[in-house]
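I have placed the structure first, in the form of structure tokens, so that the comments after it can refer back to it.
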Amino acid sequence: MQRLAGLVVDQPRLMAAILIALCFGSGAALTQLGFDASFRNLFRSDNQRIERLEDAYRDFGSDDLDLLILVETTSPDGIYGMDERAFLARADAALGASEDVALAVSLAGAIAFPGDGPPVSLLPHEGASPEQVARARELALAHPIAGGRLISEDGAVGLIGVNLANQPGLTDDRTTQIDAIRELLDEAAPPEGVRLSMTGVPVVRSALIDVTTRRSPVFTLIGASLAAIIGWIALRSLLAVVVLSCASWAATLWFAALLAITGEPFNAINSVIPTIILVITFADGVHLMTRARAGLARGVCAREAAWTAIREVGPACALTSLTTAVGFASLALTDLNVIQRFGLYAAGGVVLGFLSVITIVPLLCASRLSVRLRPPSPRTVEPSRIARLLELPLSHRVSVGGIGLLVTLGALATASFMTPSTSLNEAIPRTDDTARAIRVIDERLGGVLTTLVVVEWAEGLSYDHPDVRQGVRDIEDAIRAEPLLAEPLSAEDLINASPVPNFALLDALLRTDPRLGGATRRIIRPDLRRAVVRTAIPDVGSHIMNPVHDRLSAQLKRIDADNDAISLTLTGNPIAIGANASGMIRDLADSLLVAAIVIFVIIALAMRSIVLGLLSLAPNVFPLAIAGAALVIIDHPLTVTGVITFCVCLGIAVDDTIHVLTEYRRARRAGLEPRGATREALRLTTRPIAITTGVLCAGFAPVLLSGLPLLVLFAALSCLAVSAALVGDLLVLPALLALLPGGSSPGVSNAGDAAA
């Protein structure tokens with residue numbers, strides 16, 4: 001650390017040139033940054049579930065290009081009102097002629113073949129008689145494909161399915177195509193009382209990109225601005241805030257360049273890392289700035305003040321960065337690729353933040369700016385008045401320490417009831433019309449997500465074999481036995497909806513009719529000897545749907561064992577993502593435990609005291625236990641974001657704990673007894689810890705306005721845990737430290753330090 005201090009203080013021009021070149025080079029690299037908005041990629045891992053899902057999507061088409069257009073009306077006749085029918089016809093024609101649409105499916109193009117008469121269009125023309133309209137509605141509700149899928153039971157809600165054209169040159173972001181379809185629908189002139197909403201994977205992805213690439217930077221800037229204001233008020237120096245901001249933004253710039261250089265795209269998970277780096281770097285810089293200004297206030301020259309700040313606070317900052325990086329790096333123990341990379345890149349970002357703080361802050365403090373950085377009096381940076389306010393944990397150390405431990409244990413017990421889960425709505429802003437459309441489809445049309453049962457029949461057989469068709473019917477019965485699963489859609493429904501319920505005719509139509517073939521190939525592939533039974537499910541969370549899928553899987557195994565003609569595979573996004581997310585969350589919890597153990601070892605070694613290492617557990621576990629208990633109390637499942645937030649908060653909580661322990665140990669070595677050493681540690685650290693807490697909360701709080709549930713949860717838990725960490729570090733930890741035995745002779749440390 002002394003060599004680094006010498007380089008920064010004695011070679012300022014060289015260091016400044018290196019930092020400027022690094023920032024310019026990082027800025028040039030930003031043009032290579034990408035973004036991955038695939039929700040499925042967030043939960044991708046190298047296991048059989050993902051392989052089965054990709055296999056099914058390859059044969060039957062994925063949902064990556066499927067739009068769902070929800071049509072709601074207040075008309076007494078529902079979507080069978082005259083104006084509503086006319087609009088659906090216009091919309092179907094416009095979508096069918098669009099270059100952006102590969103296939104559009106709605107009531108406008110559906111036909112029923114009743115056994116007692118000629119074919120009937122499920123959407124009668126404008127001049128149809130009331131009897132014809134009533135007949136068409138009756139047939140639509142009973143139709144094997146349309147009923148409950150393209151029209152709700154009460155007829156007030158309709159659905160248009162659109163498969164986007166996979167035009168060459170387009171990226172995963174299909175916002176341009178989505179906007180074009182919205183314009184087509186507007187031009188089709190929806191009548192008064194009709195509300196159109198759009199959802200589906202492309203729309204969710206577009207909303208996710210909008211939040212994370214367009215709106216999130218705004219919230220980051222707002223958070224950084226609020227943090228700067230808090231720092232300005234607390235430090236009483238605008239220039240000090242500017243210096244700290246330079247270090248924070250430099251670290252964030254370097255991190256973005258690291259992503260660009262290594263080819264790592266931004267996604268919904270790692271998009272929070274820049275905010276983390278900004279606030280953590282600013283918070284660490286507060287400790288250095290406070291100590292440097294303390295030296296300036298005593299009349300020490302600028303170079304000496306900067307050198308002393310690095311020497312006295314630098315090791316603690318290095319230790320806090322190490323423990324925070326360990327907390328993030330522990331995420332590499334999970335099986336999920338995106339979380340592994342998140343942990344490693346976040347750890348790298350923390351290291352970059354430390355390098356930025358330990359170089360830029362002292363460099364600027366040692367420059368000519370020191371004249372304006374000098375506080376008006378030592379009182380500004382040595383707030384003994386604030387320290388006196390914290391006599392509570394010292395004068396009532398037994399009760400405060402005991403209550404702190406009891407609350408921690410109680411919160412841990414409550415947090416043990418957390419249930420892991422994930423849902424599509426995590427990635428959609430609550431206020432977005434897409435989220436509302438998902439809720440309506442879940443309630444009125446079975447659900448927006450899809451579970452698949454892939455059926456493969458033996459070589460030499462066809463789908464028309466009695467055992468194959470009976471197997472499909474058995475699958476349908478198993479699906480119908482689960483209340484949360486919607487009415488299944490299979491080749492049997494296609495056959496029943498045909499002019500003549502005969503597989504040979506359906507097979508012929510598949511070969512000759514491109515429109516029909518494009519739709520039915522999502523259900524059956526005679527050329528591959530495979531078919532799929534689809535069922536919609538509501539987006540209620542994997543913790544609710546996983547048991548349903550487990551029961552269905554058990555039923556399918558029995559069907560498979562009893563029928564030698566077929567083999568069955570249960571898959572789909574909810575299956576792969578739900579199971580992977582649950583397993584990942586368990587892995588994350590394990591990695592968090594590993595991180596806590598490693599951090600304890602690091603602190604014990606750094607402090608040369610097993611006792612201090614053990615005491616550090618209480619204030620570090622306290623905020624995590626409070627955050628976990630809060631999730632249980634509000635009945636919110638434990639999501640990926642929640643566990644990642646715990647890792648973030650563990651690192652943040654450890655930071656302040658280390659600063660308190662470092663000053664405590666220095667005071668003990670100076671000869672103070674435990675209570676006096678604790679008071680001295682509080683005198684030196686209370687103000688920086690209070691400032692960093694305010695800065696962290698101010699930095700995270702604007703993210704609450706993003707509307708994106710996973711980011712809102714991250715921000716809310718972070719603010720709660722950071723506030724709880726303040727209580728743990730300034731109340732619980734001092735009370736426990738003051739309880740330690742030890743004399744007051746110079747050079748004698750506490751009993752725990754005897755091992756030093």
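Quick note: numbers below take in every heavy atom, side chains included, and nothing from hydrogens, waters or symmetry partners. All values derive from a computational prediction rather than experimental measurement.
Thr359 approaches Leu355 most closely through the heavy-atom pair OG1-O, 2.6 Å. The nearest pair of heavy atoms linking Val703 to Ala715 is CB-CB, 3.7 Å. In this structure, Pro702 and Leu226 approach most closely via the heavy-atom pair CG-CD1, 3.7 Å. Taking all atoms of both residues into account, the shortest heavy-atom contact from Cys697 to Ser723 is SG-OG, 3.7 Å. Residues Trp254 and Ser26 come closest through the heavy atom pair CD1-OG, 3.4 Å. The two atoms that bring Ala332 and Gln340 nearest to each other are O-CG, 3.7 Å, heavy atoms only.
Of the possible donor and acceptor atoms, one in the side chain of Ser367 sits under 3.5 Å from a partner among the backbone N and O of Leu364. No donor-acceptor distance shorter than 3.5 angstrom exists from the side chain of Arg291 to the backbone of Thr308, with no hydrogens or angles considered. A donor-acceptor pair under 3.5 Å links the side-chain atoms of Thr323 to the main chain of Leu319, judged by distance alone. A donor-acceptor contact shorter than 3.5 Å is absent between the side chain of Ser356 and the backbone of Gly353. For Arg666 (side chain) and Glu312 (main-chain N/O), a donor-acceptor pair under 3.5 Å exists by modelled atom type.
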* To do: Evaluate the side-chain contact (heavy atoms from CB on, under 4.5 Å) criterion for residues Phe354 and Thr324: first the C-alpha distance (whole Å), next the side-chain angles of each, then the deciding distance (0.1 Å), finally the verdict.
  => CA-CA 11 Å; Phe354 167 72; Thr324 303; over 6 Å; no

* Might you work through the side-chain contact (heavy atoms from CB on, under 4.5 Å) test for Leu352 and Ile277, ending with a clear yes or no? => CA-CA 9 Å; Leu352 292 175; Ile277 294 174; over 6 Å; no

* To do: Show your working on side-chain contact (heavy atoms from CB on, under 4.5 Å) between Val654 and Ile603 and close with a plain yes or no.
  => CA-CA 9 Å; Val654 169; Ile603 292 177; 4.1 Å; yes

* Asked: Where do Arg303 and Trp307 land on the side-chain contact (heavy atoms from CB on, under 4.5 Å) test, with the steps shown first?
  -> CA-CA 6 Å; Arg303 293 176 68 253; Trp307 192 92; over 6 Å; no

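With a 4.5 Å cut-off on side-chain heavy atoms, Thr662 and Met607 count as touching. Two residues are said to be in side-chain contact when any heavy atoms from C-beta on lie closer than 4.5 Å; Leu736 and Leu405 meet this criterion. A heavy-atom distance below 4.5 Å is not found between the side chains of Ser718 and Leu696. Looking at Tyr664 and Leu612, their side chains come closer than 4.5 Å, going by heavy atoms from C-beta outward. Considering only heavy atoms from C-beta on, Cys317 comes within 4.5 Å of His659 through its side chain. Within the 4.5 Å cutoff, the side chain of Arg675 has heavy atoms near those of the Ser395 side chain. His287 has its side chain out of reach of Val357: every pair of non-hydrogen atoms, C-beta onward, lies at least 4.5 Å apart. Side-chain contact check for Leu638 versus His543: every heavy-atom pair is 4.5 Å or farther apart.
Summarising the geometry, atom CG belonging to Leu363 is positioned 12.0 Å from atom CD1 belonging to Ile358; distances are rounded to the nearest 0.5 Å. To the nearest 0.5 Å, atoms CG (Leu726) and CG (Leu731) are separated by 7.5 Å. Taken to the nearest 0.5 Å, the CZ atom of Arg687 stands 12.5 Å off from the OG1 atom of Thr685. Expressed to the nearest 0.5 Å, how far CG of Leu253 lies from CG of Leu22 amounts to 8.0 Å. Atom CG of residue Leu713 and atom CD1 of residue Ile634 lie 7.5 Å apart, to the nearest 0.5 angstrom. Separation of atoms CD (Glu663) and CZ (Arg683) is listed at 9.0 Å; rounding is to 0.5 Å.
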Show me the donor-acceptor pairs within less than 3.5 Å that the side chains of residues 619-633 make with the rest of the protein, sequence neighbours left out.
from	atom 1	to	atom 2	distance (Å)
Asn620	OD1	Thr657	OG1	2.9
Asn620	ND2	Ser616	O	2.8

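Listed by first then second residue, pairs satisfying side-chain hydrogen bond (donor to acceptor under 3.5 Å, both in side chains) with a partner in residues 396-414 number zero, not counting sequence neighbours. Residue pairs satisfying the ring pair (Phe, Tyr, Trp, His ring centres under 6.0 Å) criterion with at least one member in residues 693-728, sequence neighbours excluded, are listed as follows: Phe700-Phe714.
Using cut-offs of 30° and 60° for the angle between ring planes, the Phe255 and Tyr345 rings count as perpendicular.
Among Asp656, Leu615, Leu737, the single residue meeting the side-chain contact (heavy atoms from CB on, under 4.5 Å) criterion with Leu661 is Leu737.
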